[in-house]
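We count ligands from 1, going down the list as the structure has it; atoms in each ligand are counted the same way. Remember, predicted model here, so these are calculated numbers, not experimental data.
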Amino acid sequence: MSKVLVVSGHRDLENSFANKKIIEFLKENLTEAKFEYLHEYLNKDFDIEEQQNKLAESDIIVLQFPIFWYAMPSIMQKWFEDVFVYGFAYWSAGHKLKWKKLVVSLTTGGSDETYTLWAEQWYPIEVFLFSIQRIAAKCWLEWSWFFHTWWINPFVEGKKLAELNEKIKSHSEKLLEKIKSL
Ligand SMILES: Cc1cc2nc3c(=O)[nH]c(=O)nc-3n(C[C@H](O)[C@H](O)[C@H](O)COP(=O)(O)O)c2cc1C
C-alpha cells in the first residue's frame, strides 16, 4: 500500500462542519496514513526538516482545505512558503517530491452555479486552484485529482441538513476510493 500523507489546512478544524467530517472519515478508513494538522502551527513555526521528511517519505499527498477568500487558507500558503523550498521541492539537487501524487480535496461556501464564468464568483473553481497546480508542476508532483464539494452551509436544518451530510459523506467516500486506487 502506498504511503499517504493527509494535510489539513483548516485553521479551525474543531469548529469545522465539513472538513472535520472528511478528515475523520479518512482517519477511520486509512489507518496506515499520516495526518498533518496545519492549524497546530498557527502560533508556532514549522519544524521544516520534520515537515520535509514527512513529505519525502510519502507517496501520495492529500491536501484537504476550505476555500478562504478565493484561495487556500493562509496557514497552508505559509506551509508551502516555508517547507517547499529551493533544494528540497525544486531545482537541481532538489525535486525530492518528484512524481509523488497530489490529491486536492476542497470545500466552498459558494454553490456550483456561482462558480461559473461571470456568475457571482466570476470564474470556475479551477481558476482559484491555479497556484496549487503551478506549485505541483514546478515540484514535478503528479496532479492526480481534485475533488470539490460546494455550498457548505451548516446553518440549514432538517432535510437540507441531511442532504448536506449526505454530500459530505459522498465526498469522503469518493476521496477514499481515489486515494486507494492510486
Ligand atoms: C475567512 C473565510 C473566507 C471564506 N471565503 C470564501 C470564498 O472566497 N469562497 C467561498 O466559496 N467560500 C468562502 N468561505 C466559506 C468556506 O469555504 C466554507 O465555510 C467552508 O468550505 C466550509 O467548510 P468547514 O465546514 O470545514 O469550515 C469563507 C469562509 C471563511 C471563514
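- For Leu13 against Lys20, the heavy-atom pair with the smallest separation is O-CD, 3.4 Å.
- Trp91 belongs to a hydrophobic cluster with Tyr86, Tyr90, counting contacts under 4.5 Å between side-chain heavy atoms of Ile, Leu, Val, Met, Phe, Trp and Tyr, direct or through other members.
- Between His10 and Phe17, the distance from one ring center to the other does not fall under 6.0 angstrom.
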Side chains of residues 26-36: which donor-acceptor pairs under 3.5 Å do they make with residues two or more places apart or in other chains?
| unit_1 | atom_1 | unit_2 | atom_2 | d |
| --- | --- | --- | --- | --- |
| Asn29 | ND2 | Phe25 | O | 2.8 |
| Glu36 | OE1 | Lys54 | NZ | 2.6 |
| Glu36 | OE2 | Tyr41 | OH | 3.2 |
| Glu36 | OE2 | Gln51 | NE2 | 2.9 |

Got a list of side-chain donor-acceptor pairs under 3.5 Å for residues 109-126, not counting sequence neighbours?
| unit_1 | atom_1 | unit_2 | atom_2 | d |
| --- | --- | --- | --- | --- |
| Ser111 | OG | Glu113 | OE2 | 3.3 |
| Thr114 | OG1 | Ser111 | N | 3.3 |
| Thr114 | OG1 | Ser111 | O | 2.7 |
| Thr114 | OG1 | Gln121 | NE2 | 3.1 |
| Thr116 | OG1 | Glu113 | O | 2.8 |
| Gln121 | OE1 | Tyr70 | OH | 2.6 |

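- Residue Tyr37 places its OH atom among more than 12 non-hydrogen atoms of other residues, nucleotides or ligands, all under 6.0 Å distant.
- Listed by chain and residue number, the protein contacts of ligand 1 are His10, Ser16, Phe17, Ala18, Asn19, Pro66, Ile67, Phe68, Trp69, Tyr70, Thr107, Thr108, Gly109, Gly110, Tyr115, Ile152 (heavy atom within 4.0 angstrom).
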